[in-house]
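For the numbers below, each heavy atom of this structure counts, side chains included, while hydrogens, waters and symmetry mates do not. To find a chain, count down the sequence lines: A is the first, B the second, and so on, and within it residues start at 1.
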Protein chains: 2
Amino acid sequence: MTGLSRMLSILDLFGEASPLLTVDDIITRCNYSRPTGYRYVRELVSAGLLVRADGGYALGPRIIELDWLIRRHDPVLTRSREAVRALARRAACTVSQMGLYADRIVTIHLEQGPEPLVVGFDRGRPMPLFRGAPSRAITAFLPRPRLARLFDRHRDELTSAQRERGFDHFHDELQASRKAGYVISRGELDPGKVGIAAPVFRHDRTVAGSLCLVMTEARYETANAEALVQRLLDATAAITAVLRSGRPADLV
Amino acid sequence: MTGLSRMLSILDLFGEASPLLTVDDIITRCNYSRPTGYRYVRELVSAGLLVRADGGYALGPRIIELDWLIRRHDPVLTRSREAVRALARRAACTVSQMGLYADRIVTIHLEQGPEPLVVGFDRGRPMPLFRGAPSRAITAFLPRPRLARLFDRHRDELTSAQRERGFDHFHDELQASRKAGYVISRGELDPGKVGIAAPVFRHDRTVAGSLCLVMTEARYETANAEALVQRLLDATAAITAVLRSGRPADLV
DNA sequence: CTTCAAATATCATTGAGTGAGATTGATGGC
DNA sequence: GCCATCAATCTCACTCAATGATATTTGAAG
């Protein structure tokens, strides 16, 4: 483990249960010496990734600034922005945009529709890998070996039924979604909420993420699901086309 | 300059003009060797702070996740949340919350009021140090030596008039705001927008940040400024009290 | 398959990083 | 102001991780 990664792993200590940490917390949990711990913390503070706070250290303002840069200027978000907005308008729904990164699925954007909805899985909140339409619209389109790896590495996220039935069964179930081209989930992420999701693909044809329409059960039950799905698939196709055609030079 | 800081300074290369960088860009601008540049980039990618994208590297998903943690669990934001929300309601205004960090002032939260407003200085966007009520409500309450340091280090942010008149004059002008306890600025940040801002103090009585009511000119001209100022000062006093009384154990 | 750009490996060198222990600085209570 | 305590930094001997010139491999596109 390099000094660089040791330092950066301090960031992974911060979580919902520990938004504020003392250096003692940090050096104990990482098993670093005190001077080394202080050095790393000092560097992270200088870079703005941590900040000195009452009672310890917290995540720093530079993160907020970098996130602003992502929201406003990230190449993927920039180029899909118009399609996502159009979808929120045409489907009259909240739209959640997911990205796939190694073993993680992250909400990278939330676009509110005409009737704003409070969504538990807000932008940046860690997504379950196997639960909910947004994630399943991604995992369903992974190459089998990669899915197998995820399945093995993240058994803690599986239900006991999924674990018992094993990977082959899990994979077969996802194939049905893959064939349909979209996934619907009801109450899997937020009680009383329904998600309809479809994947977005990269330039190299691998799945890059997904778009998900989020709505209440009541809305879903009175909706024309086919129309919603159609608008969703139009949007994901548009984004896939944009991501495929683009070159950096396209960025203004 | 340590290897740690050299690696972290790569993050500073990303900006509005360059949301996407190749390793060549990075090693040229930082003057690192190719293997070193790739090593640093690989570490940042492993930590999720950068991500491989078409045409180069972009800021990574971990930043979005960390920002979620800040929005939801940061100690300062958590403890000021209720007061900020109440202010947005009672003033029927968008409220912008600033934090002061070393030489930077950062919008750490934006609370929309009943009539949502598009604010140019969105959460995380770099704030001018000396322009606009949100910043001036902070700089006005800085100890004189610290303000002098800011003035010297950030001459590029001064108007030529401010530069000519010098620091003493600049300081004296800010003293008037300090005496009033709040600052009003019209069109300094966003054309057609007015800001009314007041400072928030830390446990050790140093200025920690500010709260700012943001509204259109038309709204301001038809408003009872005294009532707005009063509600603002009530809120900043409440937050100051909360920040002064708290202990980590207060966090739930 | 070929070409080229992106990324990684090799390896000699050295100085940056490390941690045990000592010292300093800051804060709060009396 | 003094004292105790905790937070943070410094010293220094040692070592091994980091570095960069150069070579090699990998991946993508045509």
Side-chain angles (χ1 to χ4, degrees), chain A residues 1-10 13 20-47 50-58 60 75 102 143 145-146 201-208 243-250, chain B residues 1-10 13 20-47 49-58 60 75 102 143 145-146 201-206 208 243-250:
Chain A
M1 208 175 179
T2 69
L4 304 173
S5 57
R6 284 167 30 111
M7 176 182 73
L8 292 176
S9 65
I10 289 174
L13 299 181
L20 188 68
L21 294 167
T22 62
V23 173
D24 267 333
D25 295 332
I26 290 167
I27 60 179
T28 302
R29 289 166 66 172
C30 291
N31 199 33
Y32 300 157
S33 74
R34 184 172 301 278
T36 296
Y38 270 104
R39 275 194 203 107
Y40 289 162
V41 166
R42 194 177 57 223
E43 293 292 349
L44 291 170
V45 168
S46 292
L50 291 185
V51 67
R52 185 68 206 278
D54 275 355
Y57 288 83
R146 189 167 174 194
F201 297 92
R202 277 193 192 102
H203 177 84
D204 62 4
R205 305 193 182 247
T206 58
V207 61
L243 295 185
R244 276 190 182 153
S245 69
R247 287 299 166 222
D250 287 344
Chain B
M1 208 174 178
T2 69
L4 304 173
S5 59
R6 284 167 29 112
M7 176 182 73
L8 292 175
S9 65
I10 289 174
L13 298 182
L20 188 70
L21 293 167
T22 62
V23 173
D24 268 333
D25 295 332
I26 291 166
I27 62 178
T28 302
R29 289 165 66 172
C30 291
N31 199 31
Y32 300 157
S33 74
R34 186 170 299 276
T36 295
Y38 270 103
R39 277 196 202 104
Y40 289 161
V41 167
R42 196 176 56 223
E43 294 290 351
L44 291 169
V45 168
S46 292
L49 297 179
L50 293 185
V51 68
R52 184 70 207 277
D54 274 355
Y57 289 83
R146 188 167 175 196
F201 297 92
R202 280 193 190 101
H203 177 83
D204 62 3
R205 308 201 177 242
T206 57
L243 295 187
R244 276 192 180 152
S245 68
R247 287 298 164 222
D250 288 343

Fill in: Pairwise side-chain contact, B:V45 with B:R42, heavy-atom cut-off 4.5 Å (strictly under)
no

Item to complete: Would you kindly give the CG-to-P distance between A:L4 and C:dT18, to the nearest whole Å?
Response: 9 Å

Worksheet item: Can you tell me if A:D204 and A:T206 form a side-chain donor-acceptor pair at under 3.5 Å?
Response: yes

Discussion item. Does A:R39 contact C:dG19 through a side-chain donor or acceptor facing the base, at a distance under 3.5 Å?
Written reply: yes

Worksheet item: What is the nucleic acid contact for B:T2, judged by heavy atoms within less than 4.0 Å: base, sugar-phosphate only, or nothing?
Response: sugar-phosphate

Worksheet entry | Upstream residue (5' side of DNA chain C) when B:D204 and B:P35 are each assigned their closest nucleotide | B:P35

Discussion item. Quick check: on DNA chain D, is the nucleotide nearest A:M1 upstream (toward 5') of the one nearest A:R52, or the reverse? Name the residue that is more 5'.
Written reply: A:R52

Practice prompt. Report the distance from atom CG of A:N31 to atom P of C:dA20, rounded to the nearest whole Å.
Written response: 10 Å

Item to complete: Kindly point out which of C:dA7, C:dG19, D:dT19 is positioned nearest to the side chain of B:V23?
Response: C:dA7

Worksheet item: How close or far is atom C1' of C:dA20 from atom CZ of A:R34, stated in whole angstroms?
Response: 12 Å

Worksheet entry | From D:dT19, D:dA18, D:dA7, nucleotide with atom closest to A:D24 side chain | D:dA7

Discussion item. If you define the side chain from C-beta out and look only at heavy atoms, does anything of B:M7 sit under 4.5 Å from B:V41?
Written reply: no

Fill in: Validation row: B:L20, B:Y57 side chains within 4.5 angstrom (heavy atoms)
no

Worksheet item: To the nearest Å, how far apart are A:D25 CG and D:dA8 C1'?
Response: 15 Å

Worksheet item: Nearest-Å distance, CZ (B:R6) to P (C:dG17)?
Response: 9 Å

Practice prompt. Report yes if a side-chain nitrogen or oxygen of A:Y40 is closer than 4.0 Å to either non-bridging phosphate oxygen (OP1 or OP2) of C:dT18; otherwise report no.
Written response: yes

